Amino acid sequence: MSYPIETVRHSLAHVMAAAVKKLHPEIKFAGGPAIENGFYYDFDTDYRFSEEDFEKIEREMRELIKSNGRFEQRIVSLDEAKKLFHDQPYKMEWLNEYDAAGEALSIYTFRDFTDLCRGPHVESSKDLPRDGFKIRAVAGAYWKGDSKNKMLQRIYVDAFASKDELDSFLKMQEEAAKRDNRKLGREMDLFHFEPEFAPGAVFWHDKGYKIYRRLIEYMRARQERAGYVEVCTPGVMDRSLWETSGHWEKYGAHNYSGKTEDGRMFCIKPMNCPGGVLIYRNELRSYRDLPLRMAEFGKVNRYEASGSLMGLMRVREFTQDDAHIFCAPEQMEAECIDTLKLILDIYKTFGFTDVKIYLSTRPEKRIGSDEIWDLCEKSLANALTAHGYAFEINPGEGAFYGPKLEFILRDAIGREWQCGTIQVDMNLPERFDISYIGEDGEKHRPVMLHRALFGSIERFMGILLENHAGNLPLWLSPEPVVVVPVSEKYREYAEKVVADLRGAGVYARADLRDEKVNYKIRELSMAKTPIIAVVGEKEQTDKSVTLRRLGVESQDVMPLDAFVAQMVDAIKMPL
RNA sequence: GCCAGUUUAGCUCAGCUGGUAGAGCAUCUGAUUUGUAAUCAGAGGGUCGUUGGUUCAAGUCCGACAACUGGCACCA
């Protein structure tokens with residue numbers, strides 16, 4: 001009998017729990033669901049699991065599977081359940097909750113291990129693969145996901161229906177690790193980090209910064225076409241600004257701030273919004289000005305928790321492709337839809353078609369009335385459904401000042417990262433008391449939308465690099481062409497080729513080092529150079545170039561003029 | 001921030017049970033003038049993350065701190 005893979009994974013989680021119980025009888029069990037690519041189980045014990053335990057646990061699991069144990073379900077009364085789990089505090093907490101919610105208490109027994117569990121499970125462990133799983137890691141995880149609770153030990157396991165599937169998964173993960181943004185950053189000479197001097201901050205090298213600027217240039221062009229204006233606001237402002245905005249209270253500890261000689265408290269901006277609001281507020285606005293779409297490529301600094309930093313994906317200093325849309329309430333939904341379309345269209349030009357969308361709704365700690373939350377959440381949901389976009393609700397994950405849409409992209413190994421976002425803000429307009437004069441001559445409060453498409457240039461570039469394995473499209477490539485003369489006799493011609501390209505606005509350079517062509521080809525290929533133009537006697541005489549494109553073994557010969565013209569076209573932004 | 005692991009040359013990594021550091025690539029110098037994924041030879045380069053401790057002796061053992069990696073929490 002074959003079962004859905006989730007059932008297999010979940011059953012394996014019970015097998016692991018049984019195995020761990022055998023090895024550590026005193027252990028307390030929390031819970032162990034199936035997840036993407038496998039499962040985990042959370043345990044609580046003074047014993048510290050480490051990699052050395054993995055093999056032991058796996059061996060024990062195989063033994064248990066071999067024994068063809070059955071998974072027996074029973075529905076029990078609260079009293080019986082309490083008796084069963086009296087020495088299992090985490091299970092006790094669950095069963096009280098289930099009972100309070102009026103749920104039947106279902107238990108499953110496999111060998112010596114009885115778990116409070118809804119199932120479903122396989123019938124017998126003979127339905128489980130003996131070699132389709134492998135323990136991946138042990139990690140800390142808070143009980144019920146709350147950092148106020150005790151940290152448990154979570155054992156992650158990759159699990160598939162067969163060894164072949166597991167092996168191909170592991171192989172894929174291994175391949176994906178080669179596309180890690182940190183690795184590519186080094187290999188392609190794009191950026192580096194200085195953990196000693198600036199943990200979580202990027203040092204952009206020439207080539208990396210070329211990509212970075214290109215991304216901004218592209219976004220700027222798209223925004224101008226979409227009716228945005230662009231502003232630039234100060235990076236350091238008086239702390240009172242953040243107190244007014246309400247961010248100091250909530251995020252004060254994550255800000256960089258300091259006192260100046262005159263005793264004022266300044267703060268390095270952690271977000272751009274108040275700056276934009278001050279520009280809005282600088283003059284009397286009319287309903288005719290709305291919607292006012294105000295973009296800013298703002299560099300922000302946030303003191304992120306040390307454990308959250310991760311290559312380009314999570315940094316402490318980054319540039320947002322931020323914008324604030326000031327609009328009348330009745331314009332809000334249309335603005336959301338336009339922004340949504342813009343985001344997805346731009347993602348498509350970067351090759352991202354599989355974009356997950358979350359609608360994050362009101363959190364517990366929030367400001368604003370429930371009526372306004374209703375309205376804002378509804379407009380976002382309407383914008384999505386009216387245009388047929390699938391999305392998931394992320395309950396309670398909204399910002400304290402309003403609900404938000406999150407646009408999620410995945411990195412090389414499948415982790416999800418929020419990139420784009422659209423957020424409705426009912427806080428700042430109020431706090432900064434901004435208004436516009438309506439048709440009726442009266443003051444009205446505008447609605448403010450925050451939106452970012454890339455989110456952070458840093459993170460977006462990380463995702464982009466990983467998804468393309470460093471092989472960027474020509475228009476984004478920092479060095480689309482490198483010219484390689486076959487010997488020093490052809491340096492002059494190589495430099496002419498470079499001059500022609502640069503003259504036409506195509507960045508190129510010549511590799512004039514005293515090395516063999518083979519050597520240069522290898523090195524340039526590893527640095528992901530898209531096009532290598534080799535020139536020698538023949539090319540010099542014919543005024544041509546011989547081209548080798550990344551990942552393509554065959555070469556083609558082209559007149560230099562035609563090549564330059566082709567490149568001019570190839571590096572154009574896909575607007 | 002929390003849990004676990006890691007930290008040796010610019011990069012990738014070796015260094016067994018403690019006896020004062022190695023390789024390949026890169027760099028520099030010389031030779032070579034190269035036709036599509038590594039030309040040959042030589043040289044230089046490390047207070048072994050920082051800091052305490054144990055020891056006659058610490059890269060190696062113990063502690064603290066920092067950074068990084070994988071998770072958890074957080075993510076305006």
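Only a predicted model underlies this, so the values are computations on that prediction, with no experimental measurement involved. Proteins come first, then strands; the chains are lettered A, B, ... in the order of their sequence lines, and each starts at number 1.
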For [X], report the nucleic acid contact type (base, sugar-phosphate, nothing); a contact means any heavy atom under 4.0 Å.
{"X": "R154(A)", "answer": "sugar-phosphate"}
{"X": "Q423(A)", "answer": "sugar-phosphate"}
{"X": "M526(A)", "answer": "base"}
{"X": "G252(A)", "answer": "nothing"}
{"X": "Y401(A)", "answer": "sugar-phosphate"}
{"X": "F193(A)", "answer": "nothing"}
{"X": "N427(A)", "answer": "nothing"}
{"X": "G311(A)", "answer": "sugar-phosphate"}
{"X": "R136(A)", "answer": "nothing"}
{"X": "E196(A)", "answer": "nothing"}
{"X": "R415(A)", "answer": "sugar-phosphate"}
{"X": "L152(A)", "answer": "nothing"}
{"X": "E406(A)", "answer": "nothing"}
{"X": "R314(A)", "answer": "base"}

Please determine, for [N], whether a Watson-Crick or G-U wobble partner exists with both distances under 3.5 Å, and give it or none.
{"N": "rG63(B)", "result": "rU51(B)"}
{"N": "rA58(B)", "result": "none"}
{"N": "rG35(B)", "result": "none"}
{"N": "rG30(B)", "result": "rC40(B)"}
{"N": "rA23(B)", "result": "rU12(B)"}
{"N": "rC75(B)", "result": "none"}
{"N": "rG18(B)", "result": "none"}

[M] and [N], which share atom name [atom1], separated by this distance in whole Å:
{"N": "rA57(B)", "M": "rG19(B)", "atom1": "P", "value": "14 Å"}
{"N": "rG15(B)", "M": "rG24(B)", "atom1": "C1'", "value": "15 Å"}
{"N": "rU51(B)", "M": "rA9(B)", "atom1": "P", "value": "16 Å"}
{"N": "rG5(B)", "M": "rG46(B)", "atom1": "P", "value": "32 Å"}
{"N": "rG59(B)", "M": "rA14(B)", "atom1": "C1'", "value": "12 Å"}
{"N": "rU6(B)", "M": "rG63(B)", "atom1": "P", "value": "13 Å"}
{"N": "rC25(B)", "M": "rC65(B)", "atom1": "C1'", "value": "34 Å"}
{"N": "rU36(B)", "M": "rG30(B)", "atom1": "P", "value": "28 Å"}

Closest listed nucleotide, where the reference is the side chain of [X] and the choices are [options]:
{"X": "V517(A)", "options": "rU33(B), rG35(B), rU69(B)", "answer": "rG35(B)"}
{"X": "R513(A)", "options": "rC11(B), rU27(B), rA67(B)", "answer": "rU27(B)"}
{"X": "V534(A)", "options": "rC2(B), rC74(B), rU36(B)", "answer": "rU36(B)"}
{"X": "H247(A)", "options": "rA67(B), rA76(B), rU33(B)", "answer": "rA76(B)"}
{"X": "M151(A)", "options": "rC72(B), rG70(B), rA73(B)", "answer": "rC72(B)"}
{"X": "E553(A)", "options": "rA76(B), rA37(B), rC68(B)", "answer": "rA37(B)"}
{"X": "Y156(A)", "options": "rU33(B), rC72(B), rG70(B)", "answer": "rC72(B)"}

State yes or no: are the ring centers of [X] and [Y] separated by less than 6.0 Å?
{"X": "Y209(A)", "Y": "Y212(A)", "result": "yes"}
{"X": "H254(A)", "Y": "Y303(A)", "result": "no"}
{"X": "F39(A)", "Y": "Y41(A)", "result": "no"}
{"X": "H324(A)", "Y": "Y280(A)", "result": "no"}
{"X": "Y358(A)", "Y": "F391(A)", "result": "no"}

(request) By nearest nucleotide on RNA chain B, pick out whichever of G145(A) and L550(A) is the more 5' one. (result)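 By nearest-heavy-atom nucleotide position, the 5'-most residue is L550(A).
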(message) On RNA chain B, compare the nucleotides closest to G536(A) and G307(A); which residue's is nearer the 5' end?
(response)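 First, find each residue's nearest nucleotide; the 5'-ward one identifies G307(A).
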[X] side chain N/O closer than 4.0 Å to the phosphate oxygens (OP1, OP2) of [N]?
{"X": "R459(A)", "N": "rC75(B)", "result": "no"}
{"X": "Y142(A)", "N": "rC74(B)", "result": "no"}
{"X": "S306(A)", "N": "rG1(B)", "result": "yes"}
{"X": "Y519(A)", "N": "rU32(B)", "result": "no"}
{"X": "N518(A)", "N": "rU36(B)", "result": "no"}
{"X": "R316(A)", "N": "rC75(B)", "result": "no"}
{"X": "K150(A)", "N": "rC2(B)", "result": "no"}

In whole angstrom, what separates [X]'s [atom1] from [N]'s [atom2]?
{"X": "F400(A)", "N": "rC74(B)", "atom1": "CZ", "atom2": "P", "result": "16 Å"}
{"X": "E515(A)", "N": "rU33(B)", "atom1": "CD", "atom2": "C1'", "result": "11 Å"}
{"X": "D511(A)", "N": "rA37(B)", "atom1": "CG", "atom2": "P", "result": "15 Å"}
{"X": "E416(A)", "N": "rG71(B)", "atom1": "CD", "atom2": "C1'", "result": "15 Å"}
{"X": "E304(A)", "N": "rC68(B)", "atom1": "CD", "atom2": "P", "result": "13 Å"}
{"X": "K520(A)", "N": "rA26(B)", "atom1": "NZ", "atom2": "P", "result": "14 Å"}

(request) Using a cut-off of 6.0 Å, state whether more than 12 heavy atoms not belonging to K28(A) lie near its atom NZ. (result) yes
(message) Check E523(A) with R513(A), please: is the shortest side-chain N to carboxylate O separation under 4.0 Å?
(response) yes
(message) Once hydrogens and angles are ignored, does a donor-acceptor distance under 3.5 Å link the base of rG70(B) to the side chain of E51(A)?
(response) no
(message) Under the ring pair (Phe, Tyr, Trp, His ring centres under 6.0 Å) test against F460(A), which residue among F352(A), F407(A), W417(A) passes?
(response)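 For F460(A), the ring pair (Phe, Tyr, Trp, His ring centres under 6.0 Å) check succeeds only for F352(A).
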(message) A side-chain contact here means heavy atoms from C-beta on lying under 4.5 Å apart; do T233(A) and E296(A) qualify?
(response)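 Result yes, sub-4.5 Å side-chain heavy-atom pair found.
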(message) Measuring from atom CH2 of W248(A) to atom CE of M265(A), what distance do you get when rounded to the nearest 0.5 angstrom?
(response)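 Going from CH2 on W248(A) over to CE on M265(A), the span is 5.0 Å.
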